[in-house]
Amino acid sequence: GARLRDAWGRFLGRIPWQWFTTLTFDPIRVFPVSRAVVEREATWWGRLVAKMARRPVGWVCAPERGRGGLWHGHMLLLGPSQNWSPAAACPVWEARNGRIDLRPVQHAPGIALYTSKEAATAGTIILSDTLTQYQPRASTTIVVPLWTEDTHD
């Protein structure tokens with residue numbers, strides 16, 4: 001599990017992320033919340049952000065189960081310019097699902113490791129199909145193992 005988490009952290013840490021979000025659910029709006037619900041709603045919101053920006057937006061979502069057992073999601077986003085922001089889409093998430101915490105990324109490798117910390121446990125990281133437009137360098141080859149010999153989850 002640790003090797004898989006570290007590999008995801010290294011891979012995601014090479015991308016110059018601009019925004020970090022934590023997506024949570026209000027049980028009055030959405031209940032019960034499963035990993036599949038987090039995946040579906042986060043993917044929907046990521047596509048909404050791109051539609052509102054009218055440009056391709058790269059993102060990654062990592063569902064996570066909190067200490068209390070409730071599911072939530074973390075997303076990293078990367079847009080078409082330095083002054084771009086997904087903030088306009090935040091009220092839509094709040095009206096539909098619950099709370100969203102949006103912050104600019106200060107340290108891409110650190111936030112990438114934080115975002116992927118539960119990847120081995122939850123078993124899911126969702127990458128947008130537009131993420132390939134934001135690769136750090138065309139000559140960089142990144143291999144992320146999906147299964148290791150010592151992972152039996």
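Looking only at distances, a side-chain donor or acceptor of Gln18 sits under 3.5 Å from a matching main-chain atom of Gly79. Remark: the backbone N or O of Leu23 is not paired with any side-chain donor or acceptor of Thr21 at under 3.5 angstrom.
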Under 3.5 Å, which donor-acceptor pairs do the side chains of residues 47-54 form with other protein atoms, sequence neighbours left out?
none

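Atom-to-atom distance recorded for Ile100:CD1 and Thr22:OG1 is 8.5 Å, nearest 0.5 angstrom.
Contact record, Trp17 with Trp59: CZ3-CA, 4.0 Å, taken as the closest heavy-atom pair. Of all heavy-atom pairs between Gly46 and Met75, the closest is CA-CE, 4.0 Å. The shortest non-hydrogen separation linking Pro32 to Val37 is O-CG2, 4.1 Å. Ser128 approaches Val57 most closely through the heavy-atom pair OG-O, 3.8 Å. Between Leu78 and Trp84, the shortest heavy-atom distance links the atoms C-CZ3, 4.0 Å. Residues Cys61 and Ala42 share a closest heavy-atom pair of SG-CB, 3.4 Å.
The salt bridge (Lys or Arg N to Asp or Glu O under 4.0 Å) search around Arg29 returns Asp26, not counting sequence neighbours. In this structure, the ring-ring contact (aromatic ring centres under 6.0 Å, His included) partners of Phe20, at least two apart in sequence or on a different chain, are His74, Tyr114. Evaluation of the side-chain contact (heavy atoms from CB on, under 4.5 Å) rule for Arg99 yields Thr24, Asp101 as partners, not counting sequence neighbours. With sequence neighbours excluded, the residues that form a side chain to side chain donor-acceptor pair (under 3.5 Å) with Asn83 are Ser81. Residues satisfying the side-chain contact (heavy atoms from CB on, under 4.5 Å) criterion with Leu127, sequence neighbours excluded, are Trp8, Phe11, Leu12, Val60, Ile125, Leu131. Every side-chain contact (heavy atoms from CB on, under 4.5 Å) that Arg96 has, sequence neighbours left out, goes to Glu41, Trp44. Every residue meeting the side-chain contact (heavy atoms from CB on, under 4.5 Å) condition with Pro104, not counting sequence neighbours, appears here in chain and number order: Trp19, Gln106.
Under the salt bridge (Lys or Arg N to Asp or Glu O under 4.0 Å) criterion, no residue pair touches residues 85-95, with sequence neighbours excluded.
Contact of the Arg35 side chain with the Arg65 side chain is not registered, since no non-hydrogen atoms from C-beta on lie closer than 4.5 Å.
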